[in-house]
Structures are given as C-alpha cells and as structure tokens.
Amino acid sequence: MTVRTRIAPSPTGDPHVGTAYIALFNWAFAKHAGGEFLLRIEDTDAARSTPESEAAILDSLRWLGVTWNEGPDIGGPHGPYRQSERQAIYSEHADKLISDDHAFVCFCTSERLDEVRREQQSAGQQTKYDGHCIGLAKDEVAAQIAAGTPHVVRMKVPEEGECVCSDALRGEIRIPYAQIDMQVLIKSDGMPTYHLAVVVDDHLMQISHVLRGEEWINSMPKHQLLYEYFGWDMPVHAHLPLLRNPDKSKLSKRKNPTSISYYRDSGYLGEVLANYLAMMGWSMPDEREQFSMTEFAEQFSLDRISLGGPIFDVEKLNWLNGQYLRAMTPNAFMDAIAEWALNRDRLAQLVPLIQERTERLADIAPQVEYLLGDRIPLTESSFADSKLETDQLLAILHHIGRRFDEQRSWQRDELYQVCKSLADDMEIKLRDFLYPLFIGVSGRTVSLPLFDSMEFLGPDVCRVRLREAIEALGGISKKLGKRLDKAFDQLDRAAQ
RNA sequence: GUCCCCUUCGUCUAGAGGCCUAGGACUCCAGGUUUUCAUCCUGGCAACAGGGGUUCGACUCCCCUAGGGGACGCCA
C-alpha cells in the first residue's frame with residue numbers, strides 16, 4: 001500500500017504557521033516512505049471561505065518548499081480537491097447513513113439548541129444534543145422536508161460504553177460515548193461539516209496516514225464511528241502537539257504573529273521557517289539543528305516526535321535565519337534581498353505612496369524606513385504630542401485591537417471605515433484618535449498615509465506594533481483589560 | 001463543569017533501566033579576536049513537577065497528586 005498523506009487547510013484567513021507545521025510533517029512522512037502527499041481545500045464554511053485565502057495558502061506552502069502530488073491547482077485522479085465542489089458526494093453518503101439508521105434528520109432551530117445548551121451548562125452537565133428529533137417518524141420527516149423546513153443531518157452515537165481509538169504516538173485512547181455529541185454531518189445549507197467531509201474524503205482519496213493537530217483527539221470517536229458506519233478501514237492517525245504562544249496557550253494571532261506572510265515579509269527565508277518548524281516537536285537522530293527539507297524527509301520518523309507542546313520562540317528563529325543568511329554567497333544574498341524587498345510587486349505597492357512625496361531619489365529611504373524594516377522602538381515619550389491622556393490612548397489602542405481581531409480583510413478603505421466608526425462611537429475626533437495608531441505603526445508623527453502603511457505591512461505586523469505601543473504606554477493589566485473589554489462591549493452594543 | 005492529552009535548563013530538545021557528575025542549541029553573563037558594531041572563538045549560569053511503587057538499580061516502567069494544554073459550534 002502506498003503511503004498517502006494530505007494537508008487540508010480551510011481557506012478562511014491568512015495562511016497560518018500551524019497549517020504549515022502540520023503540512024511539513026505530513027509531507028515529510030509521505031516523502032520518507034516514497035509515498036504521495038496531497039492538498040485538499042476544506043471550504044465547507046461557505047460564509048468564511050475565500051478564493052484569496054486559498055491562493056495565499058497555496059502560495060505560502062510553496063514558499064516553504066512544500067510540494068503536492070495532487071491538489072486543486074494541479075488536479076489528480078481523486079478530485080475535485082475542493083470540498084465545496086464535492087457536495088453531491090457528501091449528501092449521497094449522508095443519505096446512506098440515514099437509510100442505514102446511523103444518522104437522522106433534525107429540525108431543531110439554533111434558538112432551541114442554544115436554550116438546551118444553556119440549561120445543560122447551568123446544570124453543570126457537558127453540552128450536547130438532547131436527541132429531540134431522533135425518533136421522528138419517516139413520513140413526518142418527509143413532510144417537513146417537503147414543506148421546506150430547514151434541517152440538518154446528525155449522526156447517531158451509542159449511549160453507553162466507551163470508544164477505544166488508537167493514536168500512533170500515544171497508543172490507545174479511551175473516551176466514553178456519553179461524551180460524544182450527535183454531531184451535525186450536513187448543515188442546513190446543504191454543506192457537510194468537517195467531520196463528515198474529512199472521513200469521506202480521506203477514504204475516497206485513499207489517505208493512509210493522518211497527521212493532524214492534537215486539538216482533534218476528542219473528535220476521533222466521531223470519525224471512527226463514521227468509518228465503522230461506512231464499513232471502511234480507518235487510516236492511521238497521529239496527533240501532533242500544538243504550537244504554543246510564550247504563555248503556553250495554543251498559538252494565536254492575538255498573542256503572536258501567526259500568518260506565514262508575516263514571516264516572509266519580515267525577512268525570514270522560507271527554508272528557515274520550514275527548518276525551524278521541523279524542529280518543533282521533532283529532532284534529527286544526530287541532534288543537528290540546521291537541515292534542508294530533503295534531509296528532513298530522509299530522516300523523518302514518527303518515533304522522534306516529542307509530545308510536549310513546543311513554544312514558538314522567535315529568538316531561536318532569528319538566530320537560525322542569521323545562520324542561513326550569513327552562510328550565503330554574496331550573490332545569493334543579493335538575490336535574497338531583491339526577492340524580498342525590491343521585487344516589482346512590493347515596489348508597485350510602495351510607488352503610489354512615495355513618488356509624489358519625492359524630490360530626489362535619496363528621499364525614498366527615510367520615507368519607507370518603517371515599512372521595509374522595524375519601526376523605531378517606542379517609549380512613553382513617543383506619545384508626548386497627543387492631546388489625549390494616557391488612559392484614553394490605551395483605550396483607543398485596546399478597542400481598535402478588538403475591532404482588528406474581527407477584521408477579515410486588510411484593505412486601506414476598510415481599515416479607514418473601522419477606525420472612523422470606532423472614533424465616532426468613542427466620540428473622539430478622528431485626528432486625535434489616529435494619533436496613537438500613527439505612532440504605533442510608523443513610530444513617527446509624520447509618515448506616509450496610515451491606512452496605506454497598514455495595508456502594506458499586513459495585519460500581523462500591525463498587531464505586533466500596536467501591542468508594543470500599548471506596552472510603551474505602560475501596558476494593560478488584567479484588571480484594566482477586563483474594564484476595557486467591558487467598555488468595548490458596551491460601545492459595540494450601543495452601536496447596533 | 002465534564003472528558004481527553006501532556007510534563008527534562010527561561011525556550012527548543014537528547015535521553016528508550018545502569019553509558020547521567022543529565023548532553024547539545026537558543027537566550028543571558030564573562031573573557032578573547034576585531035578601528036566601532038555584528039560575526040566568530042572560549043568559558044559560565046541553568047532542568048529530570050511532587051509523592052508513592054516495580055527493580056540490585058529509575059530521567060527512563062506503573063499509580064496518585066499537582067501544574068499546563070486541548071475539546072465540548074449548523075468553525076475547521
């Protein structure tokens with residue numbers, strides 16, 4: 001049997017280092033065994049998936065040196081490789097489950113579900129579907145569907161006993177069935193949920209090994225059950241440890257830059273990020289720390305994975321990047337610079353901003369200083385010219401951070417709208433409101449236009465810089481954070 | 001709250017019962033090379049979460065406790 005692994009990213013945002021991490025390991029595992037690695041797009045969340053995100057993810061993976069044998073861009077014998085294009089396959093399989101009595105149609109509204117959840121929560125129970133629709137008569141179901149009542153399909157789960165699953169890294173894992181919810185398999189929009197799609201696709205695409213994040217361990221029983229219901233063999237599953245923030249929580253953009261584009265734009269090399277990620281939770285037999293992806297694939301084995309969740313440590317990444325950069329020939333180094341900052345795409349973004357402000361070409365460097373490199377470090381005195389008090393500045397930075405967290409796209413006009421509306425809500429003049437953002441982003445009171453700068457820098461860089469601005473102003477304590485969160489929520493409610 | 005997973009220096013890790021006086025790397029500190037800085041070299045600080053077993057012997061195996069993390073969505 002050929003080893004076949006996959007990465008199945010969801011195109012709902014910036015390409016995440018966690019995705020890259022899992023992709024790298026799956027890739028290396030397949031390559032090591034002389035097998036195949038494929039890419040599948042899990043875009044069943046119709047509301048959040050975008051083609052832009054998909055393109056960015058593919059691009060990022062290529063930048064890291066990951067290649068695939070089958071995928072949405074190159075096709076293959078098991079396509080299509082976009083789940084949104086496989087809807088018929090999923091409904092067919094869901095129907096099979098219903099007719100085999102392994103699944104049922106459910107008409108419960110989300111309001112009722114919320115209510116049930118609330119009750120269970122206050123009673124201290126774990127929240128799960130209460131089985132309301134499980135016993136509905138066939139003709140009633142048919143009538144409701146004919147009448148156009150919105151509905152989902154849920155899987156049945158044994159009420160008692162425990163599920164014994166196997167993880168290639170941990171051995172047996174036992175989870176009581178009482179813990180397992182009657183998972184929705186088909187959403188009311190007709191799309192499958194992850195749980196149905198992943199099982200159906202992994203089977204049809206002949207995936208032999210699934211390396212995925214630890215966060216999925218608790219879903220193994222659902223997946224195993226589905227494999228049993230369909231009468232299929234289950235691929236080998238191995239759950240990789242999760243990348244962590246410095247505070248040990250799961251890596252998140254609020255606390256750490258997580259988008260691969262951030263690392264590329266900040267001047268890291270793709271091969272370095274890949275090398276670095278490869279030593280998160282895995283080590284070379286000879287403890288070498290610098291190695292290529294080819295060497296990684298040659299040496300890779302599951303038994304050298306350590307399970308403690310590794311903290312993503314920028315210091316060490318910096319060191320590693322320096323090692324690579326300094327080891328280059330001057331020619332290669334020149335190419336690296338040109339590719340990073342001075343490629344035509346990047347310049348094309350910059351030119352509209354700087355050309356009209358330029359008398360001599362020598363004026364360019366100071367103008368773009370904070371866009372191509374780090375902006376100057378901030379202190380409290382950086383904000384001395386503000387008309388507002390420190391606590392107001394902190395409130396602005398905190399609140400805009402919350403708004404930015406929810407921001408999907410990062411275009412200048414949208415950023416303007418977000419700021420304008422928050423400034424209005426806070427009843428602060430836009431000019432005064434924007435001041436701490438200017439300082440935070442550019443480190444200067446005079447700079448290129450703020451929103452263009454932000455678009456150029458991207459969300460992760462902006463988040464980091466704004467966070468540093470907050471620190472420079474004395475930081476936000478837990479207590480203050482709570483108060484600001486509350487104030488922000490009130491503002492949000494008032495605005496609606 | 002319920003369930004699941006994890007636990008070696010601050011961080012990434014080596015270690016598969018005696019090779020461990022626990023090794024390497026990053027960070028930090030000290031010294032050296034260098035017109036400055038950086039690089040580079042040398043040295044140093046620093047860990048087996050705690051408690052019980054099993055064993056002649058436990059960082060390694062088992063149990064308990066503690067701590068950390070994750071999951072509990074018509075998100076993936």
Side-chain angles (χ1 to χ4, degrees), chain A residues 8-13 16 18-19 22 41-49 83 106-110 113-114 117 120-129 150-154 162-163 165 167 169-198 212-222 239-251 276-290 303-323 325-327:
Chain A
S10 172
T12 52
H16 197 279
T19 308
I22 305 290
I41 294 294
E42 309 224 316
D43 55 352
T44 54
D45 185 344
R48 294 201 299 150
S49 298
Q83 290 185 331
C106 166
F107 299 97
C108 292
T109 61
S110 47
L113 261 18
D114 285 345
R117 251 194 291 275
Q120 289 170 333
Q121 212 144 41
S122 61
Q125 299 163 314
Q126 118 264 357
T127 55
K128 57 188 260 194
Y129 183 62
H151 59 278
V152 301
V153 176
R154 289 179 183 274
E162 62 178 7
C163 177
C165 311
D167 176 284
L169 301 172
R170 291 160 245 261
E172 263 183 18
I173 293 174
R174 293 163 173 275
I175 299 175
Y177 279 121
Q179 287 295 317
I180 314 302
D181 201 0
M182 296 177 225
Q183 179 64 49
V184 170
L185 298 177
I186 301 281
K187 304 184 247 185
S188 56
D189 67 357
M191 283 284 214
T193 57
Y194 169 82
H195 301 280
L196 206 222
V198 76
R212 53 167 22 166
E214 203 177 3
E215 62 208 296
W216 294 111
I217 287 183
N218 287 301
S219 323
M220 254 205 300
K222 290 173 189 172
H239 292 89
L240 269 20
L242 256 24
L243 259 22
R244 313 283 188 94
N245 295 311
D247 70 0
K248 302 210 172 170
S249 56
K250 169 169 141 180
L251 195 67
Y276 179 72
L277 288 174
M279 51 187 192
M280 300 272 87
W282 186 84
S283 61
M284 275 283 180
D286 63 0
E287 288 197 68
R288 225 172 344 141
E289 295 196 303
Q290 288 177 51
D303 55 20
R304 294 202 62 83
I305 289 178
S306 52
L307 295 174
I311 291 170
F312 192 95
D313 177 25
V314 185
E315 297 274 9
K316 190 146 185 177
L317 176 62
N318 288 342
W319 166 78
L320 191 64
N321 205 55
Q323 294 291 312
L325 249 19
R326 289 191 292 268

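We name chains A, B, ... by the order of the sequence lines, and we start the count at 1 in each one. These numbers come from the heavy atoms of this one structure, side chains and all, not from hydrogens, waters or symmetry mates.
For A:S283, counting side-chain heavy atoms from C-beta on, the closest listed nucleotide (B:G24, B:C6, B:A14) is B:A14. Closest to the side chain of A:T44, from the set B:C74, B:U11, B:A76, is B:A76. Taking every side-chain heavy atom of A:N218 into account, B:A71 is the closest of B:C40, B:C26, B:A71. Set against B:A71, B:C40, B:C74, the side chain of A:V152 has B:C74 as its closest nucleotide. Out of B:C3, B:G69, B:C74, the shortest distance to the side chain of A:Q179 is found at B:C3. Nearest nucleotide to the A:K316 side chain, out of B:C6, B:A14, B:G24: B:G24. The side chain of A:S306 approaches B:A14 more closely than any other nucleotide in the set B:A14, B:A25, B:C12. Of the listed nucleotides (B:C72, B:A14, B:G68), B:G68 has the atom at the smallest distance from the side chain of A:R244. Candidate nucleotides B:C4, B:A76, B:A25 were compared by shortest atom distance to the side chain of A:P176, and B:C4 ranks first. Listed candidates were B:C3, B:C12, B:A25. Nearest to the side chain of A:P310 is B:C12.
Judged by Watson-Crick or G-U wobble contacts below 3.5 Å, the nucleotide B:G43 has B:C29 as its partner. Summarising the base pairing, B:C48 is matched to no nucleotide, lacking a Watson-Crick or G-U wobble pair whose two defining distances lie under 3.5 Å. Across all strands shown, nothing is found opposite B:G73 as a Watson-Crick or G-U wobble partner with both distances under 3.5 Å. In a base pair of the Watson-Crick type (N1 to N3 plus N6-O4 or O6-N4) or a G-U wobble (N1-O2 and O6-N3), with each distance short of 3.5 Å, B:A16 is matched with no nucleotide. In a base pair of the Watson-Crick type (N1 to N3 plus N6-O4 or O6-N4) or a G-U wobble (N1-O2 and O6-N3), with each distance short of 3.5 Å, B:A66 is matched with B:U7.
OP1 or OP2 of B:A71 sits under 4.0 Å from a side-chain N or O of A:K250. For the OP1/OP2 pair of B:A76 and a distance below 4.0 Å, the side-chain nitrogens and oxygens of A:T12 include no atom meeting the criterion. Between A:Q323 and B:C40 there is a side-chain polar atom (N or O) within less than 4.0 angstrom of OP1 or OP2. Neither OP1 nor OP2 of B:C4 sits under 4.0 Å from any side-chain N or O of A:R174. The phosphate of B:G73 has neither OP1 nor OP2 within less than 4.0 Å of any side-chain N or O from A:T193. Within the structure, a side-chain polar atom (N or O) of A:R304 is placed less than 4.0 Å from OP1 or OP2 of B:G15. Of the side-chain N and O atoms in A:S249, none sit less than 4.0 angstrom from OP1 or OP2 of B:G68.
Per the geometry, CG belonging to A:L240 stands 16 Å off P belonging to B:G70, to the nearest Å. Between A:D313 atom CG and B:C26 atom P the separation is 12 Å, expressed in whole Å. Atom pair A:M280:CE and B:C6:C1' shows a separation of 16 Å (rounding to whole Å applied). Remark: P of B:A38 and CG of A:N321 are 19 Å apart, rounded to the nearest angstrom.
The aromatic rings of A:Y194 and A:W216 lie parallel to each other, with less than 30° between the two planes, well short of the 60° mark.
A:L242 comes within contact range of the sugar-phosphate backbone alone, with a heavy-atom separation under 4.0 Å but no base atom that close. Within 4.0 Å (heavy atoms only), A:R48 reaches at least one base atom of the nucleic acid. Contacts of A:G281 with the nucleic acid, taken as non-hydrogen atoms under 4.0 Å apart, involve only primed sugar atoms and P, OP1 or OP2.
B:U60 sits 15 Å from B:A47 when the C1' atoms are compared, rounded to a whole Å. The gap from the P atom of B:A25 to that of B:G57 amounts to 35 Å, rounded to the nearest Å. With P as the reference atom, B:A66 and B:A46 are 31 Å apart, rounded to whole Å.
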Taking distance alone, no hydrogens or angles, what donor-acceptor pairs closer than 3.5 Å link side-chain atoms of residues 176-183 of chain A to residues at least two apart or in another chain?
from   : atom 1 : to     : atom 2 : distance (Å)
A:D181 : OD1    : A:Y129 : N      : 2.7
A:Q183 : OE1    : A:K222 : NZ     : 2.7

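Between A:I175 and A:N218, some side-chain heavy-atom pair lies under the 4.5 Å cut-off.
Counting atom types as modelled, A:E287 pairs a side-chain N or O with a base atom of B:G23 as donor and acceptor under 3.5 Å.
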